[in-house]
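Let me begin by presenting the structure, written as structure tokens, before commenting on it.
No experiment lies behind these values; they were computed from the predicted model shown. Letters A, B, ... mirror the listed sequences (proteins, then strands); counts begin at 1.
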Amino acid sequence: MNVVTRFAPSPTGFLHIGGARTALFNWLYARHTGGKYLLRIEDTDRKRSTPEAIEAILDGLSWLGLESDEAPVYQFARRERHAEIVQQLIDSGAAYRCYCSPDELAEMREKAKAEKRSMRYDGTWRDRDPADAPAGIDPVIRFKAPQTGETVIEDAVQGTVTVGNTELDDLIMLRADGTPTYMLSVVVDDHDMGVTHAIRGDDHLTNAFRQTQIFNALGWDAPVYAHIPLIHGPDGAKLSKRHGALGVDAYRDMGYLPEAVLNYLCRLGWSHGDDEIFSMEQATAWFDIIDVNKGATRFDYDKLSSLNAKYIDESSNDRLIALALPGIEAALGKPVSDTVRQRLVNGMDSLKSRADTIPQLVDLSMFYCLDRPLAYTDKAAKMLDDDAKARLADIRGPLAELDTWDQESVESTVKAHAEAYNLKLGMIAQPLRAALTGSNVSPGIFEVAAVLGKNEALGRIEDAVAPR
RNA sequence: GACCCCAUCGUCUAGAGGCCUAGGACACCACUCUUUCACAGUGGAGACACGGGUUCGACUCCCGUUGGGGUCGCCA
């Protein structure tokens with residue numbers, strides 16, 4: 001079988017993390033089987049669909065590299081086809097006109113709730129004579145759902161799921177204004193697009209029953225459904241705007257690399273033995289729906305960050321500098337000079353092993369970019385007491401005499417000096433760190449001195465020694 | 001409330017009846033390395049929700065309980 005999968009977001013907001021993973025799983029499965037991965041924008045809700053949301057979704061997917069194999073299908077553009085199918089259903093007696101007003105329906109639900117019955121449409125117009133139709137009211141078209149027996153779906157993730165048909169009411173397929181609803185459009189589009197596997201969030205599980213019924217009424221084969229577990233917030237509650245339900249652009253802005261996000265998302269609900277860190281090529285080779293878990297998962301920033309740190313480590317210095325530069329220049333309030341850029345190039349290897357995210361990398365890099373005199377952190381200032389300043393003043397001379405200024409020469413000079421004066425290395429190294437970086441935390445101080453260059457390093461020492 | 005789904009360390013997970021004294025990863029703790037902070041390495045603590053079955057044998061199969069989640073729109 002030629003596999004065709006699809007990701008079908010509704011453009012009513014950004015692409016959130018759950019949607020991104022749904023897209024990823026569909027993409028992986030299509031790639032794994034050598035099939036096709038399609039994108040369908042479900043924009044039949046004209047009131048809530050926006051071009052901005054479409055843009056955000058497309059941007060998010062492209063940032064993650066989840067490109068579809070064909071141009072996106074816009075569901076609303078296919079409304080005539082949908083209406084045509086509905087007409088077909090009416091003709092065959094599988095659908096009917098319902099003249100209940102929204103208010104009547106709301107009332108019906110209220111009453112059902114009060115009587116503690118389930119809140120389903122009661123089928124008022126199901127078998128009523130169309131001649132009773134009230135004048136001046138545009139009817140909706142409802143699906144005449146089977147009232148006996150049960151509907152069974154063989155879900156590729158959840159297994160066999162059965163529901164009694166008495167639980168399902170007659171859903172609306174065409175609104176009073178003649179536009180198709182989601183439930184109908186999905187069925188028609190999945191069929192027309194040749195979708196063989198519908199991988200989607202578990203929140204669609206109950207929809208699968210109704211869609212299966214429509215497929216049956218149409219005499220079409222339903223795709224294989226695979227309802228993947230939902231992603232919850234760190235506290236186990238449903239992802240809401242308050243926590244976790246961010247657009248993927250937010251993750252980019254938080255300094256996460258797309259390959260880290262992808263790798264992390266793979267491990268949320270899917271696994272390949274104990275493999276934790278792997279490329280999309282490996283994931284493609286390994287991915288199968290049977291290995292997807294059933295239970296909901298929680299989003300864990302710590303683990304994402306840890307993965308991100310590893311991907312940052314493996315990134316080229318050029319890429320990292322390009323990613324960090326906007327943040328650095330924003331903090332600086334001006335573009336970086338060529339000198340500073342060169343320092344970043346030279347210092348990046350040890351900077352990047354310390355950063356979990358790009359903003360952290362920016363923070364870590366700032367001391368290479370700042371102009372003299374440096375501002376000191378509290379701890380650095382404390383480190384620069386009078387004794388420390390005296391020691392710095394002492395070491396300045398030998399350093400100034402160096403002809404070759406590199407990590408080795410600075411290190412041997414400082415070490416020799418410490419030995420000669422019978423000082424522990426830290427007694428000089430720590431004040432030196434404070435002077436050179438303005439902080440008590442930095443990469444190896446001799447490397448820092450080398451990267452800074454003789455002039456800048458000596459200047460920063462003088463700044464620290466000078467009375468403030 | 002009705003219906004549906006789920007249930008292994010705090011979190012993500014391995015586990016397809018004996019391989020399990022339940023493995024890995026993140027987080028946590030300790031140690032090593034180190035001028036600092038990281039990185040890295042080593043070690044540690046930490047789970048099969050509960051109760052019944054089935055079986056010679058259950059984390060694995062069945063039932064129930066409890067807990068969690070989802071759905072119940074002229075939204076998708």
### Message
Please name the nucleotide paired to B:rC72 by Watson-Crick or G-U wobble geometry with both distances under 3.5 Å, or report none.
### Response
B:rG1
### Message
Please confirm whether the shortest side-chain N or O distance from A:Ser271 to OP1 or OP2 of B:rA14 is below 4.0 Å.
### Response
yes
### Query
Does B:rU54 pair with anything, Watson-Crick or G-U wobble, both distances under 3.5 Å, and if so, with which nucleotide?
none
### Task
Starting at atom NE2 of A:His232, determine the distance to atom P of B:rC6, rounded to an integer number of angstrom.
14 Å
### Query
Watson-Crick or G-U wobble partner for B:rG43, using a 3.5 Å limit on both distances?
B:rC29
## Note on the structure
Atom CD of A:Glu447 and atom P of B:rC39 are separated, to the nearest Å, by 16 Å
### Message
Would you say that more than 12 heavy atoms from the other residues, nucleotides or ligands in this model lie under 6.0 Å from the CD of A:Glu408, or not?
### Response
yes
### Task
Decide if atom CE of A:Met427 counts as having more than 12 heavy atoms of other residues, nucleotides or ligands within a radius under 6.0 Å.
no
### Message
Need one value for A:Cys266: base, sugar-phosphate or nothing, where a base atom within 4.0 Å counts as base even if backbone is also close, heavy atoms only.
### Response
nothing
#### Entry: Between C1' of B:rA27 and OH of A:Tyr264, the distance in whole Å
12 Å
### Query
Do we get A:Arg78 above A:Tyr74's six-membered ring, with its NZ or CZ under 6.0 Å from the centre and within 45° of the axis?
no
### Summary
For B:rU66, the nucleotide meeting Watson-Crick or G-U wobble distances (both under 3.5 Å) is B:rA7
### Task
In whole angstrom, give the distance that lies between atom CZ of A:Arg391 and atom C1' of B:rU35.
12 Å
### d(NE2, A:His272; P, B:rA16) in whole Å
15 Å
### Message
Out of the candidates A:Tyr256, A:Tyr301, A:Phe299, only one should pair with A:Tyr264 under the ring pair (Phe, Tyr, Trp, His ring centres under 6.0 Å) rule; please name it.
### Response
A:Phe299
### Query
Is A:Asn26 reaching over with its side chain to a backbone N or O of A:Ala198, donor-acceptor style, under 3.5 angstrom?
no
### Message
Please classify the nucleic acid contact of A:Arg433 as base, sugar-phosphate, or nothing, using heavy-atom distances under 4.0 Å.
### Response
base
### Assigned partner base of B:rG17, Watson-Crick or wobble definition, under 3.5 Å
none
### Task
Can you check whether any acceptor in the base of B:rC39 is under 3.5 Å from a donor in the side chain of A:Arg354, or vice versa?
no
### Task
Under 4.0 Å between any heavy atoms, over every strand shown, what does A:Leu205 touch: base, sugar-phosphate, or nothing? Just pick one.
sugar-phosphate
### Task
Before giving the answer on side chain to side chain contact (heavy atoms under 4.5 Å, CB included), spell out for A:Arg21 and A:Trp270 the whole-Å C-alpha distance, their side-chain angles and the decisive distance to 0.1 Å.
CA-CA 11 Å; A:Arg21 190 192 51 162; A:Trp270 173 80; over 6 Å; no
### Query
Could a donor-acceptor pair under 3.5 angstrom be found where the side chain of A:Asp274 meets the base of B:rG23?
yes
### Task
Using atom types as modelled and distance alone, determine if a side-chain donor or acceptor of A:His32 lies under 3.5 Å from a backbone N or O of A:Ala285.
yes
### Message
Within the 4.0 Å heavy-atom criterion, would you say A:Glu276 contacts the bases, only the backbone, or no part of the nucleic acid?
### Response
base
### Query
Looking across every strand, which nucleic acid part, if any, lies under 4.0 Å from A:Ser442 by heavy atom: base, sugar-phosphate, or nothing?
base
### Task
To the nearest Å, give me how far apart CZ (A:Arg210) and P (B:rC3) are.
15 Å
### Query
Would you say the base of B:rA27 and the side-chain of A:Asp300 have a donor-acceptor pair closer than 3.5 Å?
no
### Query
Across the strands shown, which category fits A:Gly269 at heavy-atom distances under 4.0 angstrom: base, sugar-phosphate, nothing?
sugar-phosphate
### Query
Contact class for A:Pro443 vs. all strands (heavy atom < 4.0 Å): base, sugar-phosphate, or nothing?
base
### Query
Less than 3.5 Å between a donor and an acceptor, one on the side chain of A:Arg48 and one on the base of B:rC75, is that the case here?
yes
### Message
Mind checking if A:Asn293 touches a base, just sugar-phosphate, or nothing, with heavy atoms under 4.0 Å?
### Response
sugar-phosphate
### Query
Base, sugar-phosphate, or nothing: which does A:Ser185 touch, judged by heavy atoms less than 4.0 Å apart?
nothing
### Message
Within the 4.0 Å heavy-atom criterion, would you say A:Thr162 contacts the bases, only the backbone, or no part of the nucleic acid?
### Response
sugar-phosphate
### Message
Heavy atoms from C-beta onward define the side chain here; which of B:rG70, B:rC75, B:rC26 lies closest to that of A:Leu230?
### Response
B:rG70
### Query
For atom C1', what is the distance between B:rC20 and B:rC59, given to the nearest Å?
9 Å
### Message
From CZ of A:Phe367 over to P of B:rC37, roughly how many Å is that when rounded to an integer?
### Response
16 Å
### Message
Using a 4.0 Å heavy-atom cut-off, does A:Gln430 contact any base of the nucleic acid, only the sugar-phosphate backbone, or nothing at all?
### Response
base
### Side-chain N,O (A:Thr44) to OP1/OP2 (B:rA76) below 4.0 Å
yes
### Task
Quick one: label A:Val140 by what it contacts on the DNA or RNA (base, sugar-phosphate, nothing), any heavy atom closer than 4.0 Å.
base
### Task
Would you indicate what A:Phe446 reaches in the nucleic acid, counting non-hydrogen atoms under 4.0 angstrom: base, sugar-phosphate, or nothing?
base
#### Entry: Phosphate OP1/OP2 of B:rA76: any A:Arg175 side-chain N/O under 4.0 Å
yes
### Between B:rU60 and B:rA16 - P atom distance, rounded Å
13 Å
### Query
Once you round it to whole Å, what is the distance between P of B:rU60 and NZ of A:Lys294?
14 Å
### Message
If you compare all heavy atoms of A:Val414 against all heavy atoms of A:Ile395, which two are closest, and at what distance to 0.1 Å?
### Response
CA-CD1, 3.9 Å
### Euclidean distance for P, B:rU55 against B:rA47 (whole angstrom)
31 Å
### Query
When the P atoms of B:rA2 and B:rA22 are considered, how many whole Å apart are they?
40 Å
### Task
Take atom P in B:rC63 and the same atom in B:rA7, then report the distance between them in whole Å.
13 Å
### Task
Using a 4.0 Å heavy-atom cut-off across all strands, classify A:His204 as base, sugar-phosphate, or nothing.
base
